[in-house]
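Since we're looking at a predicted model, the values are computed, not measured. Index from 1, following the sequence. Below, all heavy atoms of this structure are taken into account, side chains as well, without hydrogens, waters or symmetry copies.
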Amino acid sequence: MSALATTDDVFFARADATLDRDAAQRITRGALEGTDDGELFLEYRETETLSLEEGRIRAAGFDTALGFGLRAVLGEETGYAHAGELSEAALTRAAATVGAIRGGRPGTGAEPPRSTNTRLYSDANPLANDGFADRATLLTDIDAYARGRDPRVVQVMASVHGEWQAVQIIRADGSRTADLRPLVRLNVSVVVERDGKRESGSHGLGGREGYQRLMSPETWQAATDEALRQAVLKLDAVDAPAGEMEVVLGAGWPGILLHEAIGHGLEGDFNRKKTSAFSGLMGQRVAAPGVTVVDDGTLPDRRGSLTVDDEGTPSHRTVLIEDGILTGYMQDRLNARLMGVRPTGNGRRESFAHVPMPRMTNTIMMPGQDSRDDMIASVKRGLYAVNFGGGQVDIVSGKFVFSASEAYLIENGRVTAPVKGATLIGNGPDSLTKVTGVGNDMQLDPGIGTCGKSGQGVPVGVGQPTLKLRGLTVGGTAQ
């Protein structure tokens with residue numbers, strides 16, 4: 001069954017349905033008449049979460065959400081109304097609210113997004129089968145496995161999260177787009193203790209898929225081993241040095257620094273409003289030669305991928321920086337229209353209760369020609385940062401502070417002692433110019449990213465090869 005047919009069943013053929021498709025199209029058409037753009041966004045979502053702590057299931061929940069958001073756009077102004085029900089009465093009230101944006105002014109209706117037959121992930125609902133008990137057993141198996149691997153393990157925390165989202169987007173001209181989106185994630189955290197000292201490690205993975213891969217012993221045991229490895233490593237970590245030094249960033253998840261410190265500054269709204277550090281620099285050099293950054297929402301089964309975005313635009317592979325030159329921004333429909341460019345499939349929203357805005361999907365630095373070993377060997381004194389935890393970024397200035405959850409000293413071209421308490425401090429646009437090596441080992445993150453912007457969170461992916469940068473400031477705890 002097609003996504004449109006399935007979502008027709010979800011939204012209009014429910015036993016409690018009081019809104020039919022013809023009424024939805026008629027009310028939407030009337031609400032958006034005389035505007036520049038807009039849509040009716042219908043959403044149904046099922047969500048389940050199970051978590052384990054101290055050897056037992058501490059929380060287990062299942063939830064559903066159903067509702068709509070109706071948006072009308074005229075110039076730079078947006079009228080938006082939403083409701084947690086699907087009824088003709090609620091939609092009629094919403095239409096009256098958003099229609100007030102017209103104010104007697106004429107609009108020019110935008111062309112609808114082109115259609116696509118591409119599917120980037122399965123339509124199947126990972127929560128549809130009767131596997132709740134199996135997923136609870138998975139968490140207790142993880143606990144037993146971790147404790148059996150090392151007698152120093154004193155605490156295990158594990159969780160699984162799954163959801164299935166059905167969306168349908170109806171436009172003023174009657175065109176309709178639909179998508180069915182699975183999403184799963186597994187997280188494992190381990191705490192170890194030695195001589196009264198405790199340290200923790202964590203690992204997670206997931207994507208737009210079912211639970212099958214996560215339930216495989218090969219997968220969850222590898223995730224548990226990785227969390228345990230990180231925890232044990234920290235038992236012998238020394239205080240991180242401080243100062244300006246060369247830094248080598250590991251491949252994969254360290255791309256979160258690229259996402260936060262650089263990616264947000266390449267979103268269309270910040271550049272249209274000229275509040276980004278990259279505003280007005282299109283066609284100019286903003287990074288070292290060899291640096292190419294893309295936002296790619298078309299990668300199959302990846303956490304940040306979308307067959308169509310939340311405005312109905314098919315996902316794109318958008319080249320943002322090519323060989324150091326700024327070549328593009330990520331665009332939703334509103335900002336693309338106001339900037340005179342095409343939307344790039346980056347119009348995203350957290351739920352029907354939120355307006356769409358330009359957001360990243362999978363933001364990736366492409367591989368270069370350098371080897372990881374050669375880059376490390378060229379560093380006399382520096383830091384090798386393999387994994388990152390939290391961080392803070394100022395989008396206007398590009399300044400960032402990120403904490404490294406796994407890092408090592410580099411001394412005379414060799415990776416030596418693990419360190420704790422290391423932070424990277426810098427400026428995103430400036431750090432791009434300090435790249436002196438781009439590895440040939442690009443990796444994607446394991447599927448754990450969630451991006452926040454203006455109070456909205458959406459799933460995203462990151463990726464990069466090993467990178468070498470000169471002159472970054474490292475904040476450390478060594479005396």
Side-chain angles (χ1 to χ4, degrees), residues 244-295 304 318-330 346 358-366 368 383 385 387-404 407 422-439 442 445 449-454 460-475:
E244 187 175 290
M245 64 187 71
E246 289 187 297
V247 173
V248 177
L249 300 177
W253 178 243
I256 190 64
L257 193 153
L258 173 76
H259 167 104
E260 294 288 0
I262 297 157
H264 280 296
L266 297 174
E267 292 168 337
D269 48 353
F270 295 123
N271 287 279
R272 178 176 65 83
K273 298 172 184 176
K274 301 189 185 306
T275 57
S276 166
F278 292 99
S279 298
L281 299 180
M282 188 66 67
Q284 298 183 34
R285 177 165 296 284
V286 296
V291 172
T292 295
V293 179
V294 304
D295 186 82
T318 305
V319 180
L320 305 171
I321 298 172
E322 186 167 16
D323 197 21
I325 305 299
L326 180 62
T327 58
Y329 300 128
M330 292 165 278
N346 290 93
R359 304 294 299 272
M360 285 172 273
T361 57
N362 304 298
T363 309
I364 301 162
M365 184 179 292
M366 302 306 292
L383 188 76
N387 269 307
F388 284 95
Q392 293 182 323
V393 179
D394 183 289
I395 293 170
V396 176
S397 67
K399 294 179 180 179
F400 64 82
V401 178
F402 271 87
S403 60
T423 59
L424 294 187
I425 304 166
N427 176 286
D430 180 59
S431 67
L432 284 179
T433 67
K434 296 182 176 181
V435 174
T436 58
V438 180
M442 196 278 285
D445 79 282
T450 298
C451 173
K453 177 181 176 181
S454 298
V460 295
V462 299
Q464 70 172 40
T466 301
L467 297 177
K468 179 186 171 186
L469 299 93
R470 58 177 170 79
L472 281 190
T473 299
V474 176

_Point-to-point distance, once rounded to the nearest 0.5 Å, from OG of Ser279 to NZ of Lys273_ = 11.5 Å
*Looking only at non-hydrogen atoms, find the nearest pair between Phe278 and Asn271 and report the distance.*
C-OD1, 3.4 Å
_Do Met366 and Val294 have side chains that approach each other closer than 4.5 Å (heavy atoms only, starting at C-beta)?_
yes
_Electrostatic pair Lys434:Asp430 at N-O distance under 4.0 angstrom_ = yes
*asked:* Name the residue from Val462, Val293, Val291 that meets the side chain to side chain contact (heavy atoms under 4.5 Å, CB included) definition with Leu258.
replied: Val293
*Report the residue from Leu424, Thr466, Leu383 that forms a side chain to side chain contact (heavy atoms under 4.5 Å, CB included) with Leu249.*
Leu424
*asked:* What's the separation between atom CG in Asp269 and atom NE2 in His264, rounded to the nearest 0.5 Å?
replied: 10.5 Å
*Nearest 0.5 Å please: distance from the CG atom of Leu320 over to the OG1 atom of Thr363.*
7.0 Å
*Nearest atoms (heavy-atom pairs only) where Gly268 meets Pro358*: N-CB, 3.9 Å
*With no hydrogens and no angle check, is any side-chain donor or acceptor of Thr275 less than 3.5 Å from a backbone partner on Phe270?*
yes
_Close side-chain approach of Arg272 to Tyr329, heavy-atom, < 4.5 Å_ = no
*Exercise: identify the closest heavy-atom pair between Ala385 and Ala407*: CA-CB, 4.1 Å
*Are Ile321 and Leu266 close enough that some pair of their side-chain heavy atoms sits under 4.5 Å apart?*
yes
*Does any N or O in the side chain of Thr318 come within less than 3.5 Å of the main-chain N or O of Met330, such that one atom is a donor and the other an acceptor?*
no
*asked:* For Trp253 versus Asn387, what's the shortest heavy-atom pair and its separation?
replied: CD1-OD1, 3.6 Å
_I need the minimum non-hydrogen distance between Phe400 and Ala261, along with the two atoms involved._
CD2-CB, 3.5 Å
_Check: Lys468 and Thr436 side chains under 4.5 Å, non-hydrogen atoms_ = yes
*When rounded to the nearest 0.5 angstrom, what is the spacing between CD1 in Ile262 and OG in Ser276?*
11.0 Å
*Do the side chain of Asp445 and the main chain of Gly252 share a donor and acceptor less than 3.5 angstrom apart?*
no
*So, does Gln464 use its side chain to make a donor-acceptor pair with the main chain of Gly250 at under 3.5 Å?*
yes
*Mark yes or no for whether Asp323, through its side chain, and Thr292, through its backbone, hold a donor-acceptor pair below 3.5 Å.*
no
*Is it true that a side-chain atom of Thr433 and a backbone atom of Ala287 form a donor plus acceptor pair closer than 3.5 Å?*
no
*For Gly290 against Val438, the heavy-atom pair lying closest together*: O-CG2, 4.0 Å
_Exam field: side chain Asp295 to backbone Thr361, donor-acceptor pair closer than 3.5 Å_ = yes
*asked:* Working to the nearest 0.5 angstrom, can you tell me the gap between Lys399 NZ and Asp394 CG?
replied: 8.0 Å
*asked:* Return the CE to NE2 distance between Met365 and His259, rounded to the nearest 0.5 Å.
replied: 14.0 Å
_If we ignore hydrogens and angles and just use 3.5 Å, is the side chain of Thr423 paired with the main-chain N or O of Gly475 as donor and acceptor?_
yes
*Within a radius of less than 6.0 Å around NZ of Lys453, do more than 12 heavy atoms belonging to other residues, nucleotides or ligands occur?*
yes
*asked:* Main chain of Gly304, side chain of Asn362: is a donor-acceptor contact present, judged purely on distance under 3.5 Å?
replied: yes
